[in-house]
Amino acid sequence: MTGGFRSRSKSGDKAPEATQHGKNGAPQRGGGQRGNAQRGQDNRGQAQRGSAQRGRGMQDQRNRDHRDNRGNRGDRNAGTKNTGAGKTLVQAAIDQGVDPARAVAFDVVRRVSEEDAFANLVLPKALRKQKLTGRDAAFATEITYGTLRTLGVLDAVIAQCSSRELEAISPVVIDALRLGTYQVLYTRVESHAAVDTSVRLVVAGGEEKAKGFANGILRTITRTPPNEWLKRLAPEGEIAGLAFRHAHPTWIAESFARVVDPEELPAVLAADSERPSVHLVARPGEISAEELALITGNEEGTYSPYAVYMDSGDPGQLEPVQQGMAAVQDEGSQLIARAVCEVPVSGTDQGRWLDLCAGPGGKAALMGALARIESAHVDAVEVSPHRAKLIEKTVQGLPVTVHVADGRNPQVGSGFDRILVDAPCSGLGALRRRPEARWRKSEADIAELSTLQFELLSSALKLVRPGGVVVYSTCSPDLRETRDIVDQAVEKLGAQELDAREFIPDMGNVGKEKSVQMWPHRHGTDAMFMAVLRRGDEEGR
Ligand SMILES: C[S@@+](CC[C@H](N)C(=O)[O-])C[C@H]1O[C@@H](n2cnc3c(N)ncnc32)[C@H](O)[C@@H]1O
């Protein structure tokens with residue numbers, strides 16, 4: 001449960017987790033509690049100052065780049081964090097009497113804060129290493145992802161109860177406080193268990209002297225009902241308040257609010273905290289979606305002819321995936337790759353297709369599978385050598401040539417029939433896939449990205465032949481990365497925009513423009529954007 005604060009029932013009914021994970025003794029008392037409830041309760045001005053937008057989580061993220069979208073990093077965080085004493089943090093926590101689920105959650109949260117790790121990569125490995133399955137694994141996942149998703153809210157609450165600025169608190173202590181505060185505010189774990197285990201985590205992290213301080217803050221937090229915290233700390237203003245309640249930075253909610261109707265905004269924000277179902281792509285020419293659904297016991301997708309929805313299980317264990325006949329790919333991405341290959345071109349399609357920003361190769365692989373059927377060929381350009389290697393792996397056996405080059409001057413010739421520009425973007429349309437992502441992103445990056453996006457689209461419009469087609473897409477719905485880029489291409493470069501809605505199946509509401517804007521809450525896809533363009537000098541064709 002991460003969409004809103006829980007309301008704790010008066011009877012205090014226990015969730016199963018509360019009994020299973022709440023058995024670590026009585027809370028530690030007193031000793032250094034300098035945050036005070038009065039301060040938290042009475043001063044609304046202070047409450048707003050401590051809001052998510054000013055929380056440490058946000059500040060921590062300011063200088064971080066968006067490697068998840070630009071993709072320049074692999075998973076270097078698979079191990080377990082070591083304490084100074086040569087013991088792993090997980091072991092130190094277990095030695096302090098913390099259950100393995102919380103120990104793993106703490107370790108992963110620490111890695112995300114300290115090393116910019118991605119929780120969705122680190123957590124599964126940590127669970128396997130500790131042999132956590134079933135309810136324990138589910139509990140560890142819930143509190144890890146929940147803590148990371150709601151970070152700004154947690155920090156605002158902690159700030160209200162702390163005598164020290166968050167920046168002055170040791171990172172180990174702040175992460176333990178976050179994990180504890182999440183359990184208190186958003187789960188049915190008994191408060192005393194949340195407090196006690198978090199204090200033990202502080203000790204496990206080598207900050208024994210801060211255990212009274214942490215205990216004091218957490219106990220203060222438990223004295224106010226979760227909904228009351230929310231009311232007290234929500235900033236003024238409709239969108240800012242809504243953003244806070246749904247644990248989003250205000251600027252992201254404002255970005256979404258520029259695209260959807262106001263009454264839809266709560267659903268947009270709520271969808272970012274829901275677990276997405278896994279979408280598989282059945283590679284054309286290898287296996288049909290019907291066969292894949294039958295073999296794997298899953299449902300065929302609603303929109304893409306290649307999609308299969310997988311509600312549970314590990315896709316990596318499926319035979320068709322292991323054999324390269326199928327892969328994991330969001331259904332929206334499938335529709336975009338398919339559109340690139342199917343939008344009519346004027347004149348004969350010579351089979352020269354280009355993917356200008358191809359890493360890690362999901363769309364290039366689908367384009368490659370369709371190219372094989374059409375006897376076409378795909379050139380896949382990627383600026384990052386590491387990402388280019390990932391494409392090589394993904395497109396094995398397909399008519400795809402990978403080039404490490406800058407898409408603004410890729411040196412791959414020109415005269416292409418079909419080009420995809422799946423531009424590097426803020427990734428605001430895929431927040432549900434990365435719990436920590438919303439607090440890592442910064443609005444300041446959008447200006448830089450949109451310059452690059454326009455340059456890449458301009459490059460594509462030069463590389464496409466007259467009569468050919470350029471598809472521009474992003475996994476962001478932010479207008480500065482979507483419509484503004486397309487409008488500029490039309491105004492400054494004379495590009496012609498086609499009605500992209502004609503090149504996807506009927507998906508209901510995809511926006512009022514010629515472009516397509518998909519949404520998780522409407523379509524179950526990431527918030528993918530797609531526009532279809534031709535170059536400007538096509539009179540008489
Ligand atoms: C949104 S991702 C593309 C996802 C890919 N189409 C897929 O479906 O797997 C954008 C990619 O563009 C790459 N990129 C960033 N700047 C680039 C540039 N100047 N030229 C080419 N590629 C670039 C990034 O490294 C990243 O791999």
Side-chain angles (χ1 to χ4, degrees), residues 65-74 279-281 283 304 306-307 327-341 353-371 378-396 398 400-412 416 418-431 433-434 437 441 445-446 448-463 470-478 481-482 485 518 525-530:
D65 65 17
H66 294 172
R67 279 169 286 193
D68 47 346
N69 299 303
R70 295 175 196 162
N72 296 323
R73 189 178 57 182
H279 296 175
L280 300 174
V281 57
R283 293 241 167 95
S304 160
Y306 318 120
V328 173
Q329 185 175 43
D330 180 71
E331 191 172 21
S333 291
Q334 297 178 29
L335 293 173
I336 289 168
R338 175 176 177 256
V340 179
C341 307
W353 301 357
L354 174 65
D355 183 350
L356 202 59
C357 308
K363 293 186 192 69
L366 182 48
M367 284 170 67
L370 292 167
V378 180
D379 284 293
V381 170
E382 166 58 49
V383 77
S384 146
H386 166 70
R387 303 269 283 182
K389 282 208 185 92
L390 298 178
I391 308 173
E392 295 277 10
K393 256 197 203 159
T394 311
V395 302
Q396 259 173 28
L398 296 170
V400 179
T401 306
V402 180
H403 310 263
V404 180
D406 189 318
R408 291 170 288 187
N409 182 19
Q411 311 277 344
V412 289
F416 288 92
R418 303 172 182 278
I419 302 182
L420 170 64
V421 183
D422 190 26
C425 70
S426 65
L428 293 188
L431 295 181
R433 301 199 179 277
R434 295 236 160 98
K441 296 181 187 299
D445 292 344
I446 291 192
E448 193 190 319
L449 281 167
S450 56
T451 303
L452 175 59
Q453 289 158 351
F454 181 68
E455 289 168 358
L456 286 163
L457 179 54
S458 306
S459 166
L461 286 162
K462 284 185 203 134
L463 297 170
V470 174
V471 170
Y472 174 79
S473 64
T474 60
C475 61
S476 166
D478 189 291
E481 304 180 79
T482 59
I485 303 298
M518 303 174 210
T525 62
D526 289 343
M528 300 294 304
F529 170 88
M530 169 177 99

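Quick note: residue numbers are just sequence positions, from 1. Counting starts at 1 for both ligands and their atoms, in listed order. Treat the numbers as computed from the prediction; the structure is a model and nothing was measured.
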task: List the steps, then state whether side-chain hydrogen bond (donor to acceptor under 3.5 Å, both in side chains) holds for T474 with T482.
output: CA-CA 7 Å; T474 60; T482 59; 5.8 Å; no

- line: Closest to atom 10 (C) of ligand 1 (heavy atoms only, candidates D422, L390, L456) is D422

message: Test your reading of the model: is there a side-chain donor-acceptor pair from K363 to the backbone of I336, 3.5 Å cut-off?
response: no

message: Test your reading of the model: is there a side-chain donor-acceptor pair from S459 to the backbone of E455, 3.5 Å cut-off?
response: no

- line: When L420, L370, V378 are each screened for side-chain contact (heavy atoms from CB on, under 4.5 Å) with C341, the one that passes is L370

- prompt: Has the side chain of Q453 got a donor or acceptor atom that lies under 3.5 Å from a matching backbone atom of A423?
  reply: no

- request: Please say whether L452 places an N or O atom under 3.5 Å from an N or O atom belonging to ligand 1.
  value: no

query: Which atoms from ligand 1 have a heavy atom of D406 less than 4.0 Å away?
result: 18 (C), 19 (N), 20 (N)

- line: Honestly, for K363 the part within reach of ligand 1 (heavy atoms, under 4.0 Å) is both

- prompt: Between R387 and ligand 1, is there a nitrogen or oxygen pair with a distance under 3.5 Å?
  reply: yes

field: Residue part near ligand 1, for A358, under 4.0 Å between non-hydrogen atoms
entry: backbone

- prompt: If you measure every N/O of V381 against every N/O of ligand 1, is any gap under 3.5 Å?
  reply: no

Ligand 1 versus A423: contacting region, heavy-atom distance under 4.0 Å: backbone

- line: Filtering P410, G362, G407 for the heavy atom nearest atom 7 (C) of ligand 1 leaves G362

query: Are any of the heavy atoms in S333 under 4.0 Å away from ligand 1?
result: no

message: Restricting to non-hydrogen atoms, name the atom on M367 and the atom on W353 that form the minimum distance, rounded to 0.1 Å.
response: O-CZ3, 3.7 Å

query: So, are D526 and R433 salt-bridged, with charged N and O less than 4.0 Å apart?
result: yes

- request: With heavy atoms of C357 as the reference, note each atom of ligand 1 found under 4.0 Å away.
  value: 3 (C), 5 (C), 6 (N), 11 (C), 12 (O), 22 (N)

message: Is it the case that the side chain of E331 and the backbone of A307 share a donor-acceptor pair, with hydrogens and angles ignored and the cut-off at 3.5 Å?
response: no

- prompt: What do we get for L356 next to ligand 1 when only non-hydrogen atoms under 4.0 Å count, side chain, backbone, both or neither?
  reply: backbone

field: Polar side-chain atom of Q411 near backbone of D406 as donor-acceptor pair, under 3.5 Å
entry: no

- request: Would you mind finding which of L420, V383, I336 brings a heavy atom closest to atom 22 (N) of ligand 1?
  value: V383

